[in-house]
Amino acid sequence: MGKKQVLVGYGLDVGAVANHINTTKGGPRNLTNVSRTKIRDAGHEITLHGYTHEFCSDLTREQLEAIFVKTIKIATDFCGKPPLGFTSPTWENHPDQIELMGKLGLKYDHSFMHDDFQPYYVSTGKEEMVTTDYSKHPDEWMVPMKHAEPSDIAEIPANWTLDDWPPFQWDGARPNAHGYVDPYSVERTWRDMFTWCYEHYDTYIFPISIHPQVSGRPHILMMHERFIKWVNTHEGVEWCTAAQMAEEFRSGRISGTGK
Ligand SMILES: [Zn+2]
């Protein structure tokens with residue numbers, strides 16, 4: 001095995017923290033606030049996550065483009081520089097999302113799951129396939145898929161197992177998010193994921209996604225503190241933003257899965 005370079009980072013869903021602006025379908029909105037000014041002034045990356053946490057998969061192309069244009073302007077005015085990336089709310093995606101992101105100058109996406117721990121250039125989303133239809137003769141749907149080309153958008157893959165919501169958030173709309181998982185169980189899972197990567201890759205990324213209203217609870221904060229200390233015992237660990245992960249990949253300093 002060669003020299004290790006492990007890029008580890010936390011993404012905080014502050015767009016969702018305003019007591020569920022619209023993070024789950026069907027629930028009434030409850031508008032409170034979060035101080036994005038403190039986050040910006042502390043030097044953290046602020047990136048795009050919709051306007052009110054809209055599900056991209058439910059939008060038309062025109063709606064999605066209008067939301068991108070508006071939120072890019074808001075983030076640029078607020079941060080003094082344009083945002084570089086986008087995370088689709090709840091990782092629900094639109095087939096034109098990547099094309100629009102390229103058109104509007106964004107550099108990376110954090111919404112797809114084609115890989116877990118390696119960055120890659122995500123598909124343009126223009127794959128074509130014929131859906132299996134039992135009512136028709138198989139010759140009509142046994143047709144090879146037409147692959148799309150890779151885009152120029154770097155993908156920092158999303159990962160539900162490295163997300164605090166399913167184990168730690170009671171969510172009546174989602175039966176897999178009951179909120180009462182033992183933090184030591186999640187911590188052990190994350191350690192095993194990290195250890196497997198460390199044993200099998202020289203370079204990899206480890207992007208964790210959390211929500212302040214979920215991970216802000218004392219027993220979960222303690223889990224993060226233990227995990228961070230343990231990660232830091234490994235040689236080659238660098239804590240960084242998703243934009244920095246994407247830049248390391250785009251510049252060729254980590255290989256990812258390539259083009
Ligand atoms: Zn979100």
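Numbering of ligands and ligand atoms starts at 1, following listing order. FYI, side chains are in, hydrogens and waters are out, and symmetry mates aren't considered; it's all heavy atoms of this structure.
Residues Ile156 and Ala246 share a closest heavy-atom pair of CD1-N, 3.7 Å.
Residue His211: no N/O/S atom is found under 2.8 Å from the Zn ion (ligand 1).
By the 6.0 Å and 45° rule, Arg250 does not stack over the aromatic ring of Tyr121.
Minimum-distance N/O/S atom of His53 relative to the Zn ion (ligand 1): NE2. Taking the Zn ion (ligand 1) as reference, Asp13 places its N/O/S atom OD2 nearest.
Centroid-to-centroid, the aromatic rings of Phe206 and Phe194 come within less than 6.0 Å.
Residues Pro166 and Asp163 form a side-chain contact, since some pair of their non-hydrogen atoms from C-beta on lies under 4.5 Å apart.
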